[in-house]
Amino acid sequence: MMIIGCDFHPSWQQVSWLDTETGETGERKLVQASGDAERFYRQLAAPALIGMEATGNCHWLVDLLAELGHELWVGDAAQIRASCVRQQKTDRRDAEHIRILLQEGRFPRIWMPSSEVRDLRQLLLHRYKLVIIRARVKNELQHLCLNQGVQRKHKLWSQAGQKVLRELPLKPWAARRREDLLGLLAMLDQQIDPLDRAVKEEAQRDKMALLLQTQPGVGAVTALSYVLTMGDVSRFARGKQVASYLGLIPREHSSGGRQKLGAITKQGNRMLRMLLVEAAQTAVRLDPGLRKEYLHRCHQKPKAVAKVAAARKLAVRLYWMLRTEKPYPEVVRIESSPRVPLVGAS
């Protein structure tokens, strides 16, 4: 069996291999554009074990290795770097280090989604990017109104508000900017609407997404994003790990008996974190328990901090809904409670 450590870059990859039967080792630089990588992996006898750091722009390699019958392990890049104490870093040493971790059973493997899940994530990501662009366009139109002494806030997008916007007396280039922005807004609405329908259809087909939508404030987009991002929730032992995975816990630099906390880490999926904060703002209006905690925290902390705390609470609750397969409000009494055994626990 071949064990291969791969240091992946968009243009090339450095590999270091070991043949466990003969003990032969070797290394090579594979250039992607010339087809070196594909030829190298195709000539290997399956199954080979290949390890690489978590990185982007590598879906083609993941799909190729799955097609060829090889086993790919993706590792936590931070843990891989931390396990190497040498101060000299090169591509050759990185590939060899990954291969040694595989040999010794110390490779920090992480969960990887299937190709179907990755494709559904593209639907959500595409929608998210377009929504961000639409928000920027709306902000620009708001600034045009403000510069004319008109402030309508969210009412600007009503029929009456749109009429006011179009009738604003503007100079030629400002008027040109208004027309172009309105054209962009109409085009983005036209592109986002079918994506919204597609997300709702996918959420209706996923029983776990339907389960999460029983929580007040959680819609199809947030529910489906949560399911696809978290994957197999049994890999998390407790809710605190979920909050850490999503970057909703504070940075900490404590020493000498003094605790010093900072802003949230913002590690993890940015899109899901934003959706959870938005959903939490609706949930605190509809869920009595979350509302009580939110209002209590608002007396002590800024509202922004209270919103993030509500998002963390909501993320943990959704985790327990998936873990126990219990809908709202049944899950409320058991969430984050170590005294209550999980479903199927003996």
Side-chain angles (χ1 to χ4, degrees), residues 1-119 121 228-237 241-242 244-247 265 267-269:
M1 180 181 180
M2 294 287 288
I3 297 178
I4 301 173
C6 173
D7 185 41
F8 182 88
H9 299 272
S11 301
W12 75 88
Q13 52 184 285
Q14 181 74 30
V15 294
S16 173
W17 68 82
L18 166 71
D19 189 330
T20 57
E21 295 181 0
T22 64
E24 178 186 0
T25 61
E27 59 184 36
R28 183 177 171 187
K29 180 178 179 179
L30 307 174
V31 180
Q32 326 283 26
S34 63
D36 290 348
E38 184 171 352
R39 286 192 294 270
F40 174 78
Y41 291 115
R42 285 191 180 278
Q43 57 89 25
L44 293 176
L49 176 60
I50 301 155
M52 61 182 289
E53 293 181 352
T55 184
N57 305 316
C58 64
H59 288 174
W60 68 270
L61 179 61
V62 175
D63 293 335
L64 173 65
L65 296 178
E67 174 192 342
L68 298 176
H70 300 310
E71 186 175 5
L72 174 65
W73 286 13
V74 178
D76 186 314
Q79 292 188 39
I80 291 175
R81 287 194 295 269
S83 61
C84 183
V85 298
R86 298 194 64 168
Q87 297 298 313
Q88 295 80 23
K89 182 185 185 303
T90 65
D91 293 340
R92 295 174 59 185
R93 283 177 173 165
D94 287 347
E96 183 182 11
H97 178 58
I98 292 173
R99 190 250 302 165
I100 292 174
L101 291 178
L102 288 171
Q103 290 176 232
E104 298 177 352
R106 297 188 294 119
F107 188 77
R109 188 181 183 185
I110 62 175
W111 174 80
M112 279 289 291
S114 65
S115 59
E116 293 79 10
V117 170
R118 291 203 310 271
D119 192 50
R121 285 182 175 184
L228 296 180
T229 301
M230 302 305 294
D232 182 12
V233 294
S234 63
R235 60 199 177 103
F236 300 102
Q241 293 179 351
V242 173
S244 176
Y245 183 76
L246 296 175
T265 63
Q267 293 178 314
N269 192 293

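Note that the numbering runs from 1 along the sequence shown for the chain. In this text, all values refer to a predicted model and were calculated from it rather than measured experimentally.
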| note | Between Y41 and H70, the two heavy atoms sitting closest are O-NE2, 3.0 Å
| request: Assert yes or no for the condition that the ring centre distance of F40 to W17 is strictly below 6.0 Å. | output: yes
| said: For P113 versus R121, what's the shortest heavy-atom pair and its separation? | reply: CG-NH1, 3.7 Å
| remark: For H97 and I80, the nearest pair of non-hydrogen atoms, with its separation, is NE2-O, 3.1 Å
| Take atom CG in D232; do more than 12 heavy atoms of anything else shown fall under 6.0 Å from it? | yes
| message | Tell me whether Q87 at atom CD has more than 12 heavy atoms from other residues, nucleotides or ligands lying less than 6.0 Å away. | response | no
| said: Can you tell me which residue among R99, R92, E96, E27 is in a side chain to side chain donor-acceptor pair (under 3.5 Å) with S16? | reply: R99
| Taking atom CD of E104 as the centre, does the number of heavy atoms from other residues, nucleotides or ligands within less than 6.0 Å exceed 12? | yes
| request: Among D36, D91, L30, find the one that has a side-chain contact (heavy atoms from CB on, under 4.5 Å) with W12. | output: D91
| field | Point-to-point distance, once rounded to the nearest 0.5 Å, from CG of D94 to NE2 of H9 | value | 7.0 Å
| Is it true that the side chains of E71 and W73 contain a donor and an acceptor less than 3.5 Å apart? | yes
| field | Closest non-hydrogen atom pair, I4 against L102 | value | O-CD1, 3.4 Å
